[in-house]
Amino acid sequence: PELTDENGIATFAAVPFGNYTVHLPKRDFDVEFASITEPVDFQADGQGTVFSGQTQPLPNGVEVWRVKDGGLGNAYQYMVGGRSWNSAQNQVQGDVLLGVQGHLADILSQGENDFVQSFFLNDPNLCPNVSNPKQCKLQGWIGLTDSETEGTFVWTTSEATSFFNWGNNEPNDSKSNFDHVEIGADGTWGVVNGASSNNEGYFVEWDVTWPITPPSF
């Protein structure tokens, strides 16, 4: 068999008898079903080749920003429910996927911003009239704050970034307690007092580590 190609397709030819483990590596992760594939066992009995494996479906609402689409291979979800930024930051500690603890999403590029925004655009139940901002006021907390140093916005994950997608007249940091950042249905960011203000939800991100591609078979 050959290693997966740039499209994440593995080709197997003249496979000798034996036991093998096939991984879907993070950079090639582009399966067409909503699940994550665990190690796959190969067996040959002289009559044919059989692959068997165990898949774990992604929970409802979880989406993977695929590497093939320019993403990081991380998983994301918009958690609906009115809570403050501080409450969301505490809640996210218990949001675990495949043994990975979640964090409030850090958005480091326009592509990632578009992906996060798509949660609002693709689900009519979350935002039924996105074309009318007066009727679509959905926002979600992300992990950006200047609570430590006024005017210096940092991610809770300590990720460095030069990308910001502020809305008009933002960051509106005229009040010292406006320390927490939300993303709106239009994809722009705003600063509010997240310590006492509730939001419609928050975005959680899981930095999932997929198996690396074996150097050879």
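Throughout, residue positions are numbered sequentially from 1 according to the sequence presented.
Here His180 contributes atom NE2 and Ser197 contributes atom OG; the two are 10.0 Å apart, rounded to the nearest 0.5 Å.
Between the side chain of Ser109 and the main chain of Glu112, a donor-acceptor pair closer than 3.5 Å is present. Using modelled atom types, no side-chain atom of Asp179 and backbone atom of Val192 make a donor-acceptor pair closer than 3.5 Å. Within the 3.5 Å criterion, the main-chain N or O of Asp186 finds a donor-acceptor partner in the side chain of Gln117. A donor-acceptor pair under 3.5 Å links the side-chain atoms of Gln77 to the main chain of Asn60, judged by distance alone. No donor-acceptor pair closer than 3.5 Å links the side chain of Trp85 to the backbone N or O of Thr145. Looking only at distances, no side-chain donor or acceptor of Asp146 sits under 3.5 Å from a matching main-chain atom of Phe153. The main-chain N or O of Trp155 is never found under 3.5 Å from a side-chain atom of Asp106 such that the two would form a donor-acceptor pair. With hydrogens and angles ignored, the 3.5 Å screen pairs a side-chain donor or acceptor of Glu170 with a backbone N or O of Asn172.
Across all their heavy atoms, Gly201 and Tyr78 have their closest contact at N-OH, 3.3 Å. Nearest heavy atoms, Trp65 versus Asp69: NE1-O, 4.0 Å. Considering all non-hydrogen atoms of both residues, Leu97 and Pro59 come closest at CD1-CD, 3.8 Å. Nearest approach of Ser84 to Ala195, heavy atoms of both residues: CB-O, 3.9 Å. Considering all non-hydrogen atoms of both residues, Val62 and Ala75 come closest at CG1-CB, 3.9 Å.
Of the listed residues (Thr157, Thr156, Asp207), just one forms a side-chain hydrogen bond (donor to acceptor under 3.5 Å, both in side chains) with His103, and that residue is Asp207. Each of Trp141, Phe120, Phe115, Trp189 was evaluated against Phe203; a single residue qualifies, Phe120, per the ring-ring contact (aromatic ring centres under 6.0 Å, His included) test. Between Asn165 and the options Val181, Ile107, Asn113, a side chain to side chain contact (heavy atoms under 4.5 Å, CB included) holds for only Asn113.
Residue Ile183 is grouped with residue Val80 when hydrophobic side chains (ILVMFWY) are merged at heavy-atom distances under 4.5 angstrom, including chains of intermediate members. Neither Phe163 nor Val154 shares a network with the other; the hydrophobic side chains, linked directly or stepwise wherever heavy atoms of I, L, V, M, F, W or Y lie under 4.5 Å apart, form separate groups for each. Val96 and Tyr76 fall into different hydrophobic clusters, defined by Ile, Leu, Val, Met, Phe, Trp and Tyr side-chain heavy atoms under 4.5 Å apart, directly or through other members.
Phe164 has its side chain within reach of Leu144: a pair of non-hydrogen atoms, C-beta onward, lies under 4.5 Å apart. Looking only at side-chain heavy atoms (C-beta outward), Leu108 and Glu159 come within less than 4.5 Å of each other. Using a 4.5 Å cut-off on side-chain heavy atoms (C-beta onward), Gln101 and Asp95 make no contact. Taking the side chain as every heavy atom from C-beta outward, Gln91 and Arg83 approach each other to under 4.5 Å. Between Val191 and Trp166 the shortest side-chain heavy-atom distance falls below 4.5 Å.
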Report task. List the steps and the verdict of side-chain hydrogen bond (donor to acceptor under 3.5 Å, both in side chains) for Asn193 and Ser196. Result -> CA-CA 6 Å; Asn193 178 5; Ser196 60; 3.0 Å; yes

Report task. Before giving the answer on side-chain contact (heavy atoms from CB on, under 4.5 Å), spell out for Tyr202 and Leu104 the whole-Å C-alpha distance, their side-chain angles and the decisive distance to 0.1 Å. Result -> CA-CA 7 Å; Tyr202 64 94; Leu104 290 177; 3.6 Å; yes

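Within 6.0 Å of CD on Glu148 lie no more than 12 heavy atoms contributed by other residues, nucleotides or ligands.
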